[in-house]
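In what follows, chains carry the letters A, B, and so on, assigned in the order in which the sequence lines appear, proteins first and then strands, with residues in each chain numbered from 1.
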Amino acid sequence: MKLGYPCMNYTIGCKISTFKLQSFSEERLVDSITTNLNNLEKILLYNKENGFGFLRVSSDLIPFASHSIMNIDWSKKFKDHFEKIGDIIKENNFRISFHPGQFVLINSPKIDIFEATVRELEYHVKMLDLMNLDTTAKIQIHVGGVYGDMEAAKSRFIDRYHSLNQKIKNHLVIENDEKSFSLQDCLDIHSETNIPIIFDNLHHEVKNNGETLTEAMQLVQPTWTSKDGVPMVDYSSQQENSVAGKHCDTIDLTHFEGYLSEILNQFDVDIMFEIKDKELSALQALKLI
DNA sequence: AGTTGTCAAGCTAGT
DNA sequence: ACTAGCTTGACAACT
């Protein structure tokens with residue numbers, strides 16, 4: 001069981017460097033990428049020292065990577081740095097995931113949105129390739145929109161998924177969401193595609209078909225094969241006095257203890273803490289375990 | 001130095 | 001009709 005947190009580390013002050021499109025220049029791009037890769041290295045070192053084996057890497061490592069403005073071969077320029085980071089990941093047996101943004105929509109009825117999605121996924125695969133990571137490193141996305149017809153939305157996802165190149169399919173996984181696509185909807189898609197499912201407990205609490213945590217995990221676990229590695233899960237709990245599904249600002253240890261007691265000794269999972277204060281909550285969880 | 005409007009991209013639910 | 005929330009706030013122009 002590896003624990004992780006997303007993208008940034010407040011303790012060591014590692015945030016994402018980016019800039020606005022109107023400020024795009026080669027110098028600005030190189031500065032941001034250099035900062036981001038250096039910070040990624042620092043976060044990995046911090047994780048080694050603090051017992052974290054899982055990390056979500058920011059999709060903004062390369063600003064505007066899949067935008068038409070991008071005319072710089074960043075992969076050539078930063079090949080060595082990515083390779084070095086990949087070596088650190090492999091030497092320490094770290095688990096890595098990406099979670100690209102809400103604009104990645106495999107099942108959009110609009111073909112240009114799908115094409116932009118493919119470009120964005122290709123960018124993520126390129127980073128994984130530069131780091132020489134295997135198929136246990138994952139790119140996690142939501143199924144997408146419903147567009148007024150759930151069955152059509154699902155079957156469009158399935159058809160579009162089949163049309164993706166194998167390199168993308170090697171890393172792509174879907175997550176149950178709190179509004180549209182429940183665990184059961186993800187399982188329907190899995191049965192036609194074999195795509196692994198990331199189980200998000202908070203989304204499941206908001207939208208489900210009555211499955212307990214144990215039942216949900218029993219359904220999710222077989223969607224991950226040996227080439228995919230142990231299942232990744234997202235963990236969070238509800239922020240009080242906010243809309244259902246809002247991630248909490250800091251970990252609710254009582255809630256997590258209940259979650260853990262049901263998971264532990266039953267399932268091997270790598271847990272991503274989707275909690276606003278990141279490594280601070282993840283440290284508390286680590287201490288509890 | 002601190003505050004505020006804005007930022008490549010989409011969708012859903014709540015107001 | 002508008003906005004919060006989502007992957008992850010951070011940039012940039014103002015006071």
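Partner A:D129 forms a side-chain hydrogen bond (donor to acceptor under 3.5 Å, both in side chains) with one of A:K167, A:H171, A:H124 and no other, that one being A:K167.
As rounded to the nearest Å, B:dC7 and C:dC6 have C1' atoms that lie 16 Å from one another. For the P atoms, the distance from C:dA13 to B:dA8 is 12 Å, rounded to whole Å. One C1' atom belongs to C:dG5, the other to B:dT3, and the distance between them is 23 Å to the nearest Å. For C:dG9 and C:dA4, the C1' atoms lie 15 Å apart once the distance is rounded to whole Å. Taking the P atoms as reference points, B:dT6 lies 15 Å from C:dC2, given to the whole Å.
Along DNA chain C, the nucleotide closest to A:M8 and the one closest to A:Q22 are compared, and the more 5′ of them pairs with A:M8.
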Which pairs, protein N/O on one side and nucleotides 2-5 of chain B N/O on the other, fall under 3.5 Å?
| from | atom 1 | to | atom 2 | distance (Å) |
| --- | --- | --- | --- | --- |
| B:dG5 | N2 | A:K20 | NZ | 3.1 |

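Environment of NZ in A:K169: crowded, with over 12 heavy atoms of neighbouring residues, nucleotides or ligands closer than 6.0 Å. Within 6.0 Å of NZ on A:K77 lie no more than 12 heavy atoms contributed by other residues, nucleotides or ligands.
Here A:S180 lies in heavy-atom contact (under 4.0 Å) with sugar-phosphate atoms only. Among the atoms of the strands shown, none is found under 4.0 Å from any heavy atom of A:F181. Within the 4.0 angstrom heavy-atom criterion, no nucleotide atom of any strand lies near A:K207. In this structure, A:T18 reaches the sugar-phosphate backbone alone: every heavy-atom distance under 4.0 Å involves primed, P, OP1 or OP2 atoms, never a base.
Cation-pi geometry between A:K79 and A:W74 is not met at under 6.0 angstrom from the ring centre and within 45 degrees of the axis.
By the rule that hydrophobic residues join a cluster once side-chain heavy atoms approach within less than 4.5 Å of another member, A:V230 and A:Y5 end up as members of separate clusters.
Using modelled atom types, no side-chain atom of A:N209 and backbone atom of A:L183 make a donor-acceptor pair closer than 3.5 Å. Of the possible polar contacts, none joining the A:R95 side chain to the A:L55 backbone as a donor-acceptor pair under 3.5 Å is found. In terms of modelled atom types and a separation under 3.5 Å, the side chain of A:K179 and the main chain of A:H203 share no donor-acceptor contact.
The pair A:E175-A:K138 does not count as a salt bridge, with every side-chain nitrogen at least 4.0 angstrom from each carboxylate oxygen. Looking at A:K227 and A:D134, no side-chain N of the basic residue comes within less than 4.0 Å of a carboxylate O on the acidic one, giving no salt bridge. Between A:R56 and A:E274 there is a salt bridge, since at least one side-chain N of the basic residue sits less than 4.0 Å from a carboxylate O of the acidic one. By the 4.0 Å N-to-carboxylate-O rule, A:E122 lies too far from A:R119 to be salt-bridged with it.
B:dA9 atom P lies 9 Å from atom CG of A:L21, rounded to whole Å. A:H142 places its NE2 atom 13 Å from the P atom of B:dT12, with the value rounded to the nearest Å. Distance NZ (A:K179) to P (B:dG14): 8 Å, rounded to an integer number of Å.
Here B:dT4 is in the anti range [glycosidic angle more than 90° from 0].
Side-chain atoms of A:M232 and A:M272, non-hydrogen and from C-beta on, never get closer than 4.5 Å to each other. A:S75 is listed as a side-chain neighbour of A:L130, based on a closest heavy-atom distance under 4.5 Å.
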Strand DNA chain B as a dot-bracket string - pairs counted if Watson-Crick or G-U with both distances under 3.5 Å, | where the partner lies in another strand: |||||||..||||||
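Of all the residues in residues 96-129 of chain A, A:H99, A:G101, A:Q102 reach under 4.0 Å from DNA chain C with at least one non-hydrogen atom. Near DNA chain B, meaning a heavy atom under 4.0 Å away, the residues from residues 146-174 of chain A are A:V146, A:Y147.
Between the side chains of A:S32 and A:S17, at least one donor N or O sits under 3.5 Å from an acceptor N or O.
Applying the ring pair (Phe, Tyr, Trp, His ring centres under 6.0 Å) rule to A:Y235 yields the partners A:H255, A:F256, A:Y259, A:F273; only residues at least two apart in sequence or on another chain are considered.
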Intermediate values then yes/no, side chain to side chain donor-acceptor pair (under 3.5 Å), A:Q218 and A:E211: CA-CA 10 Å; A:Q218 283 167 346; A:E211 309 89 342; over 6 Å; no
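The footprint of chain A on DNA chain C, defined by a heavy-atom cutoff below 4.0 Å, extends from C:dG5 to C:dA12.
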